[in-house]
Amino acid sequence: MVGSAIVRELKKQGYTNIITRTHKELDLCRQDEVEKFFAEEKPEYVFLAAAKVGGIIANSKALADFMYENMILEMNVIHSAWKNSCKKLQFLGSSCIYPRMAPQPITEDCLLTGALEKTNEAYALAKISGLKYCEFLNKQYGTDYISVMPTNLYGPNDNYHPEHSHVLPAFIRRFHEAKEQHLPEVVCWGDGSPLREFLYVDDLADLCVFLMNNYSGNETVNAGTGKEITIKKLAELVAEIVGYTGKIVWDVTKPNGTPRKLLDVSKSKALGWTYKVELENGIKMAYNDFLNNDMRAER
């Protein structure tokens with residue numbers, strides 16, 4: 001989702017000679033394959049958007065996989081970029097790197113000041129390792145590697161898998177299928193009280209290109225809207241947009257995840273960037289993408 005959005009933004013801004021690889025074409029967990037790719041292509045600028053991602057269910061079931069695959073692939077790419085004299089690299093992490101009970105809204109300097117959320121601890125630790133490796137390369141070798149920490153993302157080419165998706169695309173799929181099947185109710189995890197922030201992926205892509213051109217530094221940059229919504233309100237909004245009129249039931253025996261996770265976006269604003277797509281309009285565009293995504297049932 002993120003990689004394709006960055007490619008769209010680069011093309012939109014007139015960039016050419018864009019080098020991409022799909023997972024089938026290049027397994028980033030294989031060091032020899034990554035080293036060969038960088039040695040042959042010698043990219044000058046790298047956006048590292050690849051990752052193994054998922055929601056609470058996927059993270060809880062595959063802790064070891066999430067930590068290993070993310071740590072291996074990011075280390076392979078960042079290290080090979082450095083070995084092949086890449087001019088600039090941008091590492092994309094996640095807001096889950098911040099402490100579970102971090103002061104809200106979360107500023108970039110909250111990193112490593114408290115315990116992580118247990119349901120995605122493995123993923124967070126891998127992402128923290130990636131951004132720290134970029135920082136250490138900058139300090140030791142004078143590289144220009146930067147890190148961006150997006151809030152919850154959604155939009156075209158999202159993952160709508162029933163177990164491996166994040167909350168917003170999961171809601172889109174579940175409410176759509178409930179509407180199609182005329183189900184009287186939809187059961188959602190938790191009590192609906194957690195607050196979440198959402199950023200349309202094309203807005204993130206715009207920020208990524210902006211930062212590649214306008215920012216250098218060891219401290220990460222938060223990517224978000226500075227606005228939040230409860231999961232309960234989100235479910236109701238998605239149901240309304242999808243056209244589902246049944247009952248929404250909350251299973252309080254299931255985990256909520258982090259209570260609140262709002263990013264402080266004053267740093268990106270000070271640099272001259274702000275988001276454009278409001279949540280309701282973004283969900284409408286995301287739902288349209290879902291309806292036109294023939295592969296959604298297999299993802």
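Just so it is clear, the model here is predicted, and its values are computed rather than measured.
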Visitor: Does atom CZ of Phe210 have more than 12 heavy-atom neighbours from other groups under 6.0 Å away?
Guide: yes

Visitor: State, with a plain yes or no, whether a side-chain heavy atom of Glu185 is found less than 4.5 Å away from one of Leu183.
Guide: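 No; the side chains remain at least 4.5 Å from each other.
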
Visitor: Does a side-chain heavy-atom distance below 4.5 Å link Val277 with Met285?
Guide: yes

Visitor: Which heavy atom in Ala223 sits nearest to a heavy atom in Leu263, and how many Å separate them?
Guide: O-CD1, 3.7 Å

Visitor: Should Leu89 and Ile78 count as side-chain neighbours, where that means a heavy-atom distance under 4.5 Å?
Guide: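 The answer is yes; the side chains approach within 4.5 Å.
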
Visitor: Can you tell if the side chain of Pro156 reaches within under 4.5 Å of the side chain of Ser4, non-hydrogen atoms only?
Guide: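 The answer is no, as the side chains (C-beta and beyond) never meet within the 4.5 Å cut-off.
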
Visitor: Using side-chain heavy atoms (C-beta onward) and a distance below 4.5 Å, is Leu112 in contact with Lys132?
Guide: yes

Visitor: With a 4.5 Å heavy-atom cut-off, do Lys83 and Phe38 have their side chains touching?
Guide: no

Visitor: Think Lys52 forms a cation-pi with Phe66, using NZ or CZ under 6.0 Å from the six-ring centre and within 45 degrees of its axis?
Guide: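 Yes, a cation-pi geometry.
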
Visitor: Between Glu197 and Asn152 (side chain of the first, backbone of the second, donor and acceptor by atom type, cut-off under 3.5 Å), is there such a pair?
Guide: no

Visitor: So, Asp289 and Tyr160: side-chain donor and acceptor under 3.5 Å apart, yes or no?
Guide: yes

Visitor: Under a 4.0 Å threshold between the charged nitrogen and the carboxylate oxygen, would Lys267 count as salt-bridged to Glu108?
Guide: no

Visitor: Any salt bridge linking Glu33 with Lys36? Criterion: basic side-chain nitrogen under 4.0 Å from a carboxylate oxygen.
Guide: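 No, Glu33 and Lys36 are not salt-bridged.
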
Visitor: Are the side chain of Tyr145 and the backbone of Trp82 linked by a donor-acceptor contact shorter than 3.5 Å?
Guide: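 Answer holds: yes.
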
